[in-house]
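Below: one structure, written as structure tokens.
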Amino acid sequence: MDVEQLSCVVDDLPPAKLRLLAKMEKVLSLLKDSLGSTGCFLAQFWAEDKRGIDLENLPYPHLCVPNSTLLEYRQLDGRRGFSRPDIVNRAWQNGFSEWTSNVCYYRPSEYSHLSDAISCGVRGIIAFPVSESDEAVCCCAVLELVTMEEKQDFDLETEKVFEALQAADLQILVLPPGPQVYNEVQRAALTEIADVTRAVCQTHRLPLALTWIPLGDADILKLGDLRSSWLCELAIECTACYADEEMQGFVYACEQLYLYTGEGAAGKAWETCLPSFEPDVKEKHVSDYRLAHHARKYNLNAAVAILLRSTGDDHIYILEFFLPILVKESSEQQDLVEKLKLTIKQNCKSLTMFSKKPSIRKRGSKVSKNNDKIEPAPDPDGNMFIECADNKRRKVSEVWKHFDKVKDKENGAVWAICKGCQKKYPGESTKGTSNLHKHFKSCSKKGQRDAKQHTLPFDLGGNFVFDQERSRLNFVRMIMKLGFPLDMVQNEFFKTFVCDLQPKFQLCSQDIVQADALSIYRQEREKLMKYLDNLSSLFSLAIDLQSHGDNKMSCCLTMHFIDDGWRMNKKILAFRSIEHDYMNEAVKNVLVEWNIIKKVQFMFAEIAPPNSQMTREFRSKLLSQFPHMNGDLLCFSCYAQTLELLARDGFYEIKDVLNKIRGCIEYVNATPINQDKFQKATNHVKLQDRKAASHDDPTRWETTFVMLRSALELREAFTQLEQVDFDFKVNPSAEEWKMAMIVCGCLKVIHKSLGSSSSSIDACFLHVCYIYKNLLSWEKSEHAYVCSMAKRMKENLERYWSEWSFAFGILLVLDPRCKLKFVQYGFLLMYGSDASKYLLEFRSKLTCMYNNYANDTGYIASPASDISCLPSYDLDSDGKFLGFCEWLKVDPPKSDLDRYLGEPVENRDKVSDVLAWWRVNAPRFSTLGKMARDFLAIPISAILSKSAISGEATKVNPSFNGLGPEILEAFICGQDWLESPENNSKEGKPGSSLVSTDVRFDSPGKQMSKYLAGPFTVSKPTSPEDLKLIQYVFASSLTRLYSLRPETWLDDNVLSMIFDAMTLVKRKMEDSVNRYLPIVFAANADDPSKCISFAKKHRIKENYMSDLLCCEKAFVPVFDNERRHFFLFVLQLKRQVVEIWDSLAASRQSDWVDRRLHNLLVSLDALFKDDIDQNYQKVWSFTDFRVERPSNVPQQQNGHDCGVYVIKFMLAPEEVTNPDFVFNRENERLEVVLGLLASDVNSCRNDLASKAEAYYEQRNSMLIKSDVNGDYCTWEICIIGTDIKWEYGKQSSGCTFLWVVEISG
């Protein structure tokens, strides 16, 4: 964050101006050091221009976080001058500071650039009038501080600004009111007023009561016989006010300023010396009532001010009561005011109301008073005053509102007991209140206590905390998402509905709705851009261009992509109004703005109405602008458009016949007489059951085909009509009817293809193949017009087929139900004996595309001809041909593409979702999986049907008509991006998601939705001790627990630790019926003899499988090398059944699992041979176990959670097989971590906890001990206490399980 100095030309400035500029720069430099870390803000000076007429900011220095929107706000046009309402102008003219927590609470008449400020993200603003120290009454500049967050107060900023100005020999012109000093009588009166305001508010359910004190010549005024005409100031006395918890912010705003005579209800009451009533303080202008914008924030309504006079010294106090928001009718308000006055009279003792103008008398006049009559002030709710030994009262800390002071009867000790959690602290006055403050901030019952304080006086079915800002933004999001008209905010019925639903909600104007929508759009756009930047996949782009004439077009760009969960996503990137000649520039600009110009792989564009010349130019320019794009992946015509062009080629051959048929239909429908004649002709030829022919729409070829087909069915009726009606002369000849019949028969193939209910890519591919095959046969027809039609159709089909054939082909190959075999079958239909040539060309392009991906991922298959690894042979010996024989034995490595195409085609009944299949199998084909994720994002619907994207650019909600281009784009994109909070939390989508998926932390009255625990976002809270431990453990990347982080493939060492921990725990249980075998045992089971040798060497049987034959279940984790995947064998020894629990069951392609299971069972038979012979008289064998694959085993949705699933299967088999079970990946990973760190498992828990505490406080202590061993360094982390120690696969003596991580060094 730097101080940016933007100064005007200083040559002609007077020395005083130059000195002021230097002071400004010094102030901003000091503010940079004191406020630089508080967040995003803008600080700028305003001063008079050279003419001394207007205020301006651009020539003067400013301090700003590098934020484009704040700089845009700084440079707004039209903020200069005194004529337009502005917070800066009022601070300059009135000479007092003005602030707002959020600019949206201003009205346009109070802040002329309100919509611009909101759209720039501006929220809180404060303006300080600044003066030279030697000219304390003359304003020389205004310092404006702008933030992008809603501020409840500017205390910190005011303090830092005051210090910075003082250091630069400047000062704030008028400081906020300071605390008053009162005598004994005044304190007693204020205590009585506190009781009165509380009694009135509680009796009549008022939200707020304020006590104002008139000030004059730094004195409290009294009323005498005369009333001076000079201006008087009113200051608030907080100790005598009453406000519910939600109104404390308004009381704070009142503390920061004075009210002048005539301002608000209190000012008018002082001016007239009569009770004053304001029907709605929100409607006041901020110039007339400087608290108006604060009143709007807290949704205050009517206010009444009543003057009280102290009978002891004639001091005047003004009580201002705000009526409930629901009391709106004047009659109701009048009745309530009368009740208020009655309650005040009943509760006043030394105070009286009056309604005439008494005289003014200065303080210090002799007043007779009797101190004996002044009753000791009772201790109010907040314990604001206590009685001292010398009969004086002193103010005590606000914290005593939340504690009870209790005296111990036995020893006389004083205790402070928390009202929330009942915890005790020393309560003597000498102990201070710092401990009480600390406890109150962290009290676990604070939220419950606050929630009770927030309860509304009417039943809402629970506690409620209202937030105007949040509610308004949610209201705008609703309008954007649902497309509601913007003028609904002015609808009287809607206003009534909202008021009844939530009286505190204040509807905003259309301008504010638009400004908020623009702000939401920019926030969501930034979130979506960050989300897209983190995606590793490429994108497909659909461009919809709609021409409106006059060289104008609307352009809608929609991006399609597959997210990390293998879900298809669609997002509208932009909606622009452009000119014909700048189509390609508009597309490029959008891609540059979103920073995806290199990540677009496929592009589909449609121009409506179709324009072939414009399409060719657009395509040519796009290819030149995006040279990295493959021309085969840039499409400008869809399948439906191509078939429509072919049909029009057919109609072109019989255009004259079609005109005659239209004439026939027009004639028979012209008059009732003609209709009657045609009906008789139809009956004569016995075609009365046929449907009558109807006119077609020449712009829609399918209607023309239907007209032709129905007319052909009635051709005999038309011929009969021609014979009986001599006026009917448009009937086609017999030859023409024959020509129409032949062409209609040809077009029936196209119409059937387009009207097919199947919209899948494979079905459409076959339709194209069949159409092409028919075109080849039609070229050989005996009819010249059929040959001509077929030739024209074939040319068009080949031209358009070349555009999207490669995309078609890749999508088919990546469909596991089709693969290359389906493409080969289609080419055979199309090209016959020439199919191999076209197939070879396609396979070459496919391989080239795959190799590009392989190069990017770093995987390149070794050439089969590599002989560097083969031994050399003596050519003079008889072994000269041995090298060739050995080379023949070398099995060349296969690429992902070869392995994928070599596997059998999937059954269509078993695989219905291609993306789901790839989500499961992508880990087996790492390179091809990435390629599949990119290409399967191609919108198939866009390729097949023009209706899929056609009209996106014209589907503008009528409610948005008349909006400007930028705000229109904001509404259209926002409607597409925003998702409900429920959908976001369930599906993890980007958008408002982008909007509503943020993690919310505990706060009073707000519900916790998610919790953070180290790297995990979970749904349950974690204890503070565990939180520190997790943070400590995951702080170092050296620990193998790192693999338990979200979205990370689990390390097999974690599985080993879990199984060791379970073995340790079960060993302590006498009735344990389960056993847990280490993963290293199954890893050696590929060779039974090797497995047995390994088990005996490392005492696997003694440590893990003692009394195995007496247990019920044995869990054996297994790692599948082919799939890079963990799964679980569960041996049910009582039932003699072995179950295979596999979270990716659909990905099994070979018999590897069966072979590994068989070898494992053979190894167990050999290992327990003596036990079996001793305990079982009849033949008993592990290899006789029946193999089962439970169908209710949960299936994972990604490629990296298999290890976590195995752990969950082992720990809670009954839970995971429950139909209602939902796997939460981060919750489960956190449970694994906590299980490994539990005290009953981890003997180092206490040591780890103490070190975690130290790390949490100092952030520089690590639980790592190093040991140099030879030429490498080992790092050991104590994890689990057991009697086994593993180190690099070797057993050694010891009692601590050490997890050893090697790093070179």
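Reckoned from all heavy atoms, side chains included, excluding hydrogens, waters and symmetry mates.
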Sub-3.5 Å donor-acceptor pair from the side chain of T211 to the main-chain atoms of E237, do we have one?
no
Quick check against the 3.5 Å criterion: does S519 have a side-chain atom that pairs as donor or acceptor with the backbone of A515?
no
Quick one: side-chain contact (heavy atoms from CB on, under 4.5 Å) partners of A91, sequence neighbours excluded?
A127, P129, V142
With sequence neighbours left out, what residues match A416 under side-chain contact (heavy atoms from CB on, under 4.5 Å)?
W400, F403, L436
Contacts of K268 that satisfy salt bridge (Lys or Arg N to Asp or Glu O under 4.0 Å) - sequence neighbours left out
E278
Tell me, please, which residues at least two apart from K423 pass salt bridge (Lys or Arg N to Asp or Glu O under 4.0 Å).
none
Got a sec, which pairs hit salt bridge (Lys or Arg N to Asp or Glu O under 4.0 Å) with one end in residues 289-300, sequence neighbours left out?
E110-R296, E150-K297, E263-R290
Test your reading of the model: is there a side-chain donor-acceptor pair from H293 to the backbone of W99, 3.5 Å cut-off?
yes
Which residue pairs satisfy the salt bridge (Lys or Arg N to Asp or Glu O under 4.0 Å) criterion with at least one member in residues 95-104, sequence neighbours excluded?
R90-E98
Can you list the residues that meet the salt bridge (Lys or Arg N to Asp or Glu O under 4.0 Å) rule with K151, with sequence neighbours excluded?
E157
Partners passing side-chain contact (heavy atoms from CB on, under 4.5 Å) against L473 (at least two apart in sequence or in another chain)
E469, R477, D516, I520
Counterpart residues, side-chain contact (heavy atoms from CB on, under 4.5 Å), relative to A243 (two or more places apart)
L208, M247, Q248, V251
Please list, chain by chain and in numerical order, all residues satisfying side chain to side chain donor-acceptor pair (under 3.5 Å) with K284, sequence neighbours excluded.
none
The criterion is side chain to side chain donor-acceptor pair (under 3.5 Å); which residues satisfy it with R522, sequence neighbours excluded?
E966
N/O donor-acceptor pair under 3.5 Å between K504 side chain and Y298 backbone
no
Which residues share a side chain to side chain donor-acceptor pair (under 3.5 Å) with D155, sequence neighbours left out:
Y252
